[in-house]
Amino acid sequence: EYAQQVVDTATKQKLPLIALGTGAGSGGFCMTNDVSIATWADLLRQFQAIGLRGPRSLELVHSLGITNAKIIGDLALLHAHSRFTPANQD
């Protein structure tokens, strides 16, 4: 699997493994909600830090026994700032 190869290569090069703004489970867009991420458990255990999009992703990752994850949000939303203006900040 491609992800395993990337993790193995990074580990051999002694690079830190960090995930930022990752979602876990269904990506929506006509995908079923019961997507299994169990195959990722061994890979994620090798990561020094895991930043997840939200509480559902955190719950799924914690259910695998992985505790070094926290919610940081979806980093893609950083691009939305220039396109949207808050309605009223009063």
Side-chain angles (χ1 to χ4, degrees):
E1 181 179 316
Y2 177 73
Q4 181 67 58
Q5 292 173 0
V6 171
V7 168
D8 290 345
T9 299
T11 301
K12 286 176 187 173
Q13 296 178 11
K14 298 186 187 316
L15 297 172
L17 297 170
I18 300 169
L20 296 174
T22 304
S26 174
F29 306 107
C30 301
M31 288 180 69
T32 180
N33 285 332
D34 60 346
V35 174
S36 174
I37 64 165
T39 56
W40 281 84
D42 289 335
L43 290 177
L44 292 173
R45 285 188 184 92
Q46 298 176 60
F47 280 62
Q48 285 73 29
I50 303 169
L52 299 169
R53 289 186 192 154
R56 281 191 278 172
S57 295
L58 185 63
E59 183 179 330
L60 281 169
V61 169
H62 279 176
S63 74
L64 298 173
I66 297 165
T67 59
N68 65 328
K70 67 179 185 175
I71 298 171
I72 64 168
D74 186 342
L75 299 180
L77 295 176
L78 293 172
H79 295 289
H81 176 71
S82 63
R83 295 180 11 191
F84 298 100
T85 305
N88 187 353
Q89 294 187 359
D90 293 331

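Counting only residues at least two apart or in different chains, side-chain hydrogen bond (donor to acceptor under 3.5 Å, both in side chains) contacts with residues 61-76 are absent.
For Q4, the side-chain hydrogen bond (donor to acceptor under 3.5 Å, both in side chains) partners at least two apart in sequence or on another chain are D8.
No more than 12 heavy atoms of other residues, nucleotides or ligands shown are found within 6.0 angstrom of CD on E59.
Rounded to the nearest 0.5 Å, atoms CZ (R53) and CD1 (I72) are 10.0 Å apart. With rounding to the nearest 0.5 Å, the separation of CG in L20 from CG in L75 is 6.0 Å. Annotation: the span from L44 atom CG to L60 atom CG amounts to 11.0 Å, rounded to 0.5 Å.
Linking Ile, Leu, Val, Met, Phe, Trp and Tyr whenever their side-chain heavy atoms come within less than 4.5 Å puts I71 and I50 in one cluster. With hydrophobic clusters built from ILVMFWY side chains whose heavy atoms lie under 4.5 angstrom apart, F47 does not share a cluster with L15.
For A41 against I66, the heavy-atom pair with the smallest separation is O-CD1, 3.8 Å. Across every non-hydrogen atom of A69 and L52, the tightest pair is CB-CD1, 3.8 Å. The shortest non-hydrogen separation linking L43 to A3 is CD1-CB, 3.9 Å. Between D42 and Q46, the shortest heavy-atom contact is O-NE2, 3.3 Å.
The shortest side-chain heavy-atom distance between W40 and V61 does not fall under the 4.5 Å cut-off.
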